[in-house]
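Scroll down for the structure; my scribbles are underneath it.
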Amino acid sequence: MNDHTILLIGHGSRNREGNREILQFATQWQARHPGWRIEACFIEHAEVLLDEGLDRAARNARRVTVVPFILNAAGHVKMELPAAVSRARARHPAVDFACTRHLGMGREMLAVLKGQLDRLLHQLATPDPRTTGVILLGRGSSDAGANGELARMTRWVFEDYDHDLVDLAFTSITWPRLETVVQRQIRLGMMQICIVPVYLFSGVLMDRIKAQTERLQAQFPHIAFALGTHFGFDKGIFDLLDSRIGESGAAEGGLLECDGCKYRLAAEAEHLHDHSHTHVHAAHSQGDAHEHEHAPA
């Protein structure tokens with residue numbers, strides 16, 4: 001695979017620790033496959049953004065496999081990433097750019113989230129599921145399909161456990177928020193609540209979740225809260241990416257979620273955003289506003 005580059009594309013965070021974790025993940029993934037050439041870049045809030053990352057991956061390569069290291073398919077996966085790949089294909093006509101699917105909310109991710117939940121239940125000394133609520137806490141998006149992926153995951157968790165309440169909440173952009181769901185579960189008789197963040201790595205929003213949970217614990221001291229953490233280094237994530245690389249060779253045309261779609265092209269004028277202002281050396285005020293207005297996939 002000396003002439004084949006695998007490009008891992010993370011969202012990027014204003015919290016530099018989150019970006020460092022993605023680079024650390026790429027290093028660990030490389031260690032699992034010493035013969036592979038793996039590089040990483042980000043959509044925003046980082047030094048190496050999409051166009052530069054694609055150009056670096058194309059150097060001395062005949063083939064580039066783009067891996068969206070993103071949980072849900074919203075605007076970044078559906079429009080911005082296909083547009084960047086299209087530009088890269090024009091700049092590097094001799095290079096074959098193939099694209100895998102984003103991580104998604106499939107059975108592999110369900111196994112990872114169930115592992116998180118099992119650890120939280122153990123932390124609470126295996127309480128009665130009838131009085132123990134579960135909340136899957138996603139980032140939130142203006143894309144209904146992306147929110148729906150997490151809603152499906154919430155239902156799957158409900159089907160696989162005996163808890164009376166398995167609910168969905170979001171950290172930003174859409175509703176309901178964590179505080180509302182916690183208050184509802186307490187009114188319905190929950191004495192313990194497990195909060196499972198659906199996040200790959202640390203970042204600004206993970207810090208917000210910790211602060212929210214601390215406030216809720218102070219507000220409801222009689223309730224036992226167990227808060228999970230990000231899970232990007234779980235073995236299941238490495239295995240899922242391995243399977244994505246295996247699938248990429250068989251995918252006809254190597255298309256992303258909306259790559260080649262005429263409706264995507266019509267929507268780009270309204271929804272595509274220039275992320276150059278989120279470069280780590282740029283002013284952060286614009287980047288802060290952008291992250292709150294447009295949730296990542």
Side-chain angles (χ1 to χ4, degrees), residues 8-11 13 18 21-22 25 29 43 66-82 99-120 133-161 163 165-178 181 194-203 205-206 209 227-248 251 255-259 294-297:
L8 193 68
I9 297 181
H11 177 267
S13 172
E21 287 179 355
I22 291 180
F25 179 95
W29 194 26
I43 294 172
V66 176
V67 182
F69 198 25
I70 293 175
L71 289 172
N72 300 112
H76 290 312
V77 172
K78 291 179 177 178
M79 287 184 288
E80 295 176 41
L81 194 46
C99 309
T100 74
R101 292 185 61 249
H102 63 289
L103 293 179
M105 292 282 113
R107 292 292 174 179
E108 302 92 345
M109 197 59 64
L110 175 64
V112 171
L113 293 180
K114 288 174 65 175
Q116 290 279 310
L117 177 55
D118 289 343
R119 285 187 282 275
L120 294 181
V134 176
I135 301 173
L136 266 60
L137 182 58
R139 183 182 297 271
S141 171
S142 57
D143 186 294
N147 297 330
E149 289 187 57
L150 191 53
R152 179 180 62 184
M153 189 67 57
T154 304
R155 181 64 192 187
W156 282 354
V157 171
F158 177 81
E159 296 282 356
D160 286 353
Y161 287 83
H163 297 274
L165 294 179
V166 179
D167 289 321
L168 173 61
F170 297 98
T171 309
S172 64
I173 306 299
T174 191
W175 314 97
R177 298 294 171 81
L178 177 62
V181 177
C194 295
I195 302 171
V196 183
V198 188
Y199 283 76
L200 285 173
F201 296 107
S202 60
L205 295 184
M206 281 299 305
I209 292 166
L227 173 63
T229 187
H230 53 282
F231 50 79
F233 292 101
D234 190 285
K235 179 181 180 295
I237 302 299
F238 288 98
D239 292 342
L240 177 55
L241 286 185
D242 286 349
S243 70
R244 287 285 186 268
I245 295 302
E247 295 166 358
S248 67
L255 298 182
L256 281 164
E257 186 85 7
C258 293
D259 196 4
H294 304 282

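Using a 4.5 Å heavy-atom threshold, the side chains of Leu241 and Leu8 count as touching. When side chains are defined from C-beta on, Trp29 counts as touching Ile245, because their heavy atoms get closer than 4.5 Å. Side-chain contact check for Ile43 versus Ile9: some heavy-atom pair is nearer than 4.5 Å. Taking 4.5 Å as the limit, every side-chain heavy atom of Leu113 sits out of range of all side-chain heavy atoms of Trp156. Looking at Met206 and Pro197, their side chains come closer than 4.5 Å, going by heavy atoms from C-beta outward.
The two residues Ser141 and Asn147 come nearest to each other via the heavy atoms O-ND2, 2.9 Å. Across every non-hydrogen atom of His163 and Phe158, the tightest pair is O-CE1, 3.4 Å. Among all heavy-atom pairs drawn from Gly203 and Ser13, the shortest one is CA-OG, 3.7 Å. Between Ile173 and Ser142, the closest heavy-atom pair is CG2-N, 3.4 Å. Across all their heavy atoms, His102 and Ala73 have their closest contact at CE1-CB, 3.4 Å. Shown here for Ser172 and Leu205, the closest heavy-atom pair between the two residues is OG-CD1, 4.3 Å.
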Give the intermediate values and the outcome of side chain to side chain contact (heavy atoms under 4.5 Å, CB included) for residues Val66 and Thr100.
CA-CA 6 Å; Val66 176; Thr100 74; over 6 Å; no
Test log, rule side chain to side chain contact (heavy atoms under 4.5 Å, CB included), inputs Thr171 and Leu178
CA-CA 7 Å; Thr171 309; Leu178 177 62; over 6 Å; no
Please step through side chain to side chain contact (heavy atoms under 4.5 Å, CB included) for the pair Leu117 and Cys194, ending with a clear verdict.
CA-CA 7 Å; Leu117 177 55; Cys194 295; 3.9 Å; yes
Worked check of side chain to side chain contact (heavy atoms under 4.5 Å, CB included) between Val198 and Met105:
CA-CA 10 Å; Val198 188; Met105 292 282 113; 4.0 Å; yes
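With hydrogens and angles left out, the side-chain atoms of Thr229 and Tyr199 include no donor and acceptor closer than 3.5 Å. Counted by atom type alone, Glu21 and Ser202 present one or more donor-acceptor pairs between their side chains at under 3.5 Å.
With rounding to the nearest 0.5 angstrom, the NE2 atom of His11 is 9.5 Å from the CD1 atom of Ile22. One finds the CG atom of Asp167 at 12.0 Å from the CG atom of Leu137 (value rounded to the nearest 0.5 Å). To the nearest 0.5 Å, atom CG of residue Leu81 and atom CD1 of residue Ile70 are 7.0 Å apart. Distance CG/Leu103 to CD/Glu149: 10.5 Å, rounded to 0.5 Å. Here CG of Asp234 is found 12.0 Å from CD of Glu108. Values are rounded to the nearest 0.5 Å. Between the CD atom of Gln116 and the CG atom of Leu227 there is a distance of 10.0 Å, given to the nearest 0.5 Å.
Ion pairing between Asp239 and Lys235 holds under the 4.0 Å rule for side-chain N and carboxylate O.
Under the side-chain contact (heavy atoms from CB on, under 4.5 Å) test applied with Val134, the options Thr154, Ile195, Val166 reduce to a single match, Val166.
Here Phe69 and Phe25 bring their ring centres to under 6.0 angstrom of each other. Here Phe201 and Phe231 keep their ring centres 6.0 angstrom or further from each other.
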